[in-house]
Undergrad: 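I have a structure here, written as structure tokens, and I will follow up with some questions on it.
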Amino acid sequence: MTNSVTLNETMSGWIQAGPDGKSEQFSFTITVFFANKINPFGPQPFKGIARLEDRNYEALVEGELSLKPTGPRYDLDFNHPELGLLRIAGEKTYSIFDLVRSMTTCPLTVYQKGEVIGNAEVAYRDSLVKFPFEAVGFSSEESAFLPYQAC
């Protein structure tokens, strides 16, 4: 059982996907386990919960977070109640001219079977000052992902 740094964060915003193109409130809470000690900037696995707030719907989300000097990249998969399995991917792009927004907001593209079917945008809405103290932790992979085993 290996111990490593974990990151816990919630991002919220909206998703617009499917034939009707209707926008709805979307969020995800993830736990990232930084298992790759050789390259901490390589893709790191995460698990969590995706939510469609208007429907009161929750689903397991799995994916990878890649840390880059220009901003983190999220690649996540979850089952939408109507559209089925979706991949949502995108990355933050830090900008000195709009630093706070670029550090917290992430534009995303929604894919179904490799085809673009929509887009989304999420943002980190908790305190940036508290982030290192509340979001960063240290645990085993087993205990980091334990809350998502029942999903």
Side-chain angles (χ1 to χ4, degrees), residues 4-36 39-128 130-132 134-137 139 141 144-151:
S4 189
V5 173
T6 58
L7 173 70
N8 300 288
E9 73 174 335
T10 297
M11 304 279 283
S12 62
W14 54 267
I15 185 171
Q16 187 174 4
D20 64 2
K22 179 184 161 203
S23 180
E24 54 187 320
Q25 293 180 356
F26 171 69
S27 68
F28 59 84
T29 300
I30 59 171
T31 298
V32 184
F33 182 78
F34 289 91
N36 187 344
N39 180 7
F41 295 105
Q44 302 298 324
F46 66 72
K47 291 184 181 181
I49 302 292
R51 295 176 195 83
L52 297 171
E53 312 295 341
D54 300 335
R55 300 171 190 245
N56 200 26
Y57 176 80
E58 292 187 347
L60 180 66
V61 63
E62 295 188 60
E64 294 178 329
L65 173 70
S66 300
L67 297 178
K68 301 176 173 189
T70 56
R73 176 173 179 80
Y74 298 84
D75 289 283
L76 55 108
D77 298 316
F78 86 101
N79 275 304
H80 187 279
E82 292 173 1
L83 303 172
L85 184 63
L86 300 179
R87 166 148 292 213
I88 302 174
E91 60 188 67
K92 297 177 186 175
T93 304
Y94 299 147
S95 168
I96 193 72
F97 302 108
D98 192 10
L99 192 57
V100 172
R101 179 167 164 60
S102 69
M103 286 179 61
T104 59
T105 304
C106 186
L108 301 161
T109 303
V110 181
Y111 301 89
Q112 184 180 51
K113 298 178 183 172
E115 300 291 323
V116 174
I117 64 160
N119 52 43
E121 183 179 273
V122 293
Y124 182 79
R125 301 190 191 282
D126 291 332
S127 168
L128 290 177
K130 292 181 184 178
F131 181 81
E134 294 181 351
V136 179
S139 72
E141 185 172 11
F145 293 146
L146 189 61
Y148 310 114
Q149 298 303 318
C151 296

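Just so you know, residue 1 is the first one in the sequence shown, and it goes up from there. Just so it is clear, the model here is predicted, and its values are computed rather than measured.
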Undergrad: Compare every heavy atom of Pro69 with every heavy atom of Tyr94, then report the nearest pair and how far apart it is.
TA: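 Reported closest heavy-atom pair: CD1-O, 3.6 Å.
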Undergrad: Can you give me the closest heavy-atom contact between Gly48 and Leu60, atom names plus distance?
TA: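 Heavy atoms only, the tightest pair is O-CD1, 3.3 Å.
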Undergrad: With the side chain counted from C-beta on, respond yes when Ser27 and Met11 share a heavy-atom pair under 4.5 Å apart, and no when they do not.
TA: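 No, their side chains stay 4.5 Å or more apart.
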Undergrad: Side chains of Tyr74 and Ile30: does their closest heavy-atom pair fall under 4.5 Å?
TA: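 Yes, their side chains come closer than 4.5 Å.
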Undergrad: State, to 0.1 Å, how close Val61 and Ala50 come at their nearest heavy-atom pair, and which atoms those are.
TA: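 Heavy-atom minimum between the residues: CG1-N, 3.9 Å.
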Undergrad: Could you check whether Gln44 and Ser66, counting side-chain N and O atoms only, form a donor-acceptor pair closer than 3.5 Å?
TA: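 There is no such pair (donor and acceptor under 3.5 Å, judged by atom type) between the side chains of Ser66 and Gln44.
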Undergrad: When you compare the side chain of Thr6 with that of Phe46, does any pair of heavy atoms fall below 4.5 Å?
TA: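 Contact flag for Phe46/Thr6 side chains = no.
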Undergrad: Are the side chain of Arg125 and the backbone N or O of Ser12 linked by a donor-acceptor pair below 3.5 Å?
TA: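 The answer is yes, because a donor-acceptor pair under 3.5 Å joins these two groups.
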Undergrad: Report the distance from atom CG of Leu86 to atom CG of Asp77, rounding to the nearest 0.5 Å.
TA: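 It is 9.0 Å, given to the nearest 0.5 Å.
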Undergrad: Sort out for me which residue in Phe28, Phe26, Tyr57 forms a ring pair (Phe, Tyr, Trp, His ring centres under 6.0 Å) with Phe78.
TA: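 Of the listed residues Phe28, Phe26, Tyr57, the ring pair (Phe, Tyr, Trp, His ring centres under 6.0 Å) partner of Phe78 is Phe26.
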Undergrad: Taking NZ, NE, NH1 and NH2 as the nitrogens, is one of them in Glu24 or Arg51 under 4.0 Å from a carboxylate oxygen of the other?
TA: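 No, no charged N to carboxylate O under 4.0 Å.
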Undergrad: Heavy-atom count around Asn56 CG within 6.0 Å, excluding the residue itself: above 12?
TA: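 Not more than 12 within 6.0 Å, no.
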Undergrad: Can Ser102 and Ser95 be counted as having a side-chain donor-acceptor contact under 3.5 angstrom?
TA: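 No, no side-chain donor-acceptor pair sits under 3.5 Å.
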Undergrad: Please tell me if the side chains of Val5 and Val32 come closer than 4.5 Å, counting only heavy atoms from C-beta onward.
TA: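 They are not in side-chain contact.
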Undergrad: Start with the C-alpha distance between Glu64 and Lys47, add both sets of side-chain angles, then the distance that settles salt bridge (Lys or Arg N to Asp or Glu O under 4.0 Å), and finish with yes or no.
TA: CA-CA 9 Å; Glu64 294 178 329; Lys47 291 184 181 181; over 6 Å; no
Undergrad: Taking the side chain as every heavy atom from C-beta outward, state whether Arg55 and Glu82 have any pair of such atoms under 4.5 Å apart.
TA: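 The answer is yes; the side chains approach within 4.5 Å.
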Undergrad: With distance as the sole criterion, is a donor-acceptor pair present between the side chains of Thr109 and Asn119 under 3.5 Å?
TA: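 Side chains of Thr109 and Asn119: no pair found under 3.5 Å.
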Undergrad: Using the ring of each side chain (for Trp, its six-membered ring), is Tyr124 parallel, tilted or perpendicular to Phe131, with breaks at 30° and 60°?
TA: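 The rings of Tyr124 and Phe131 stand perpendicular, inter-plane angle above 60°.
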Undergrad: CZ of Arg87 to CD1 of Ile117: how many Å apart, nearest 0.5 Å?
TA: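 Output value for this atom pair is 13.5 Å.
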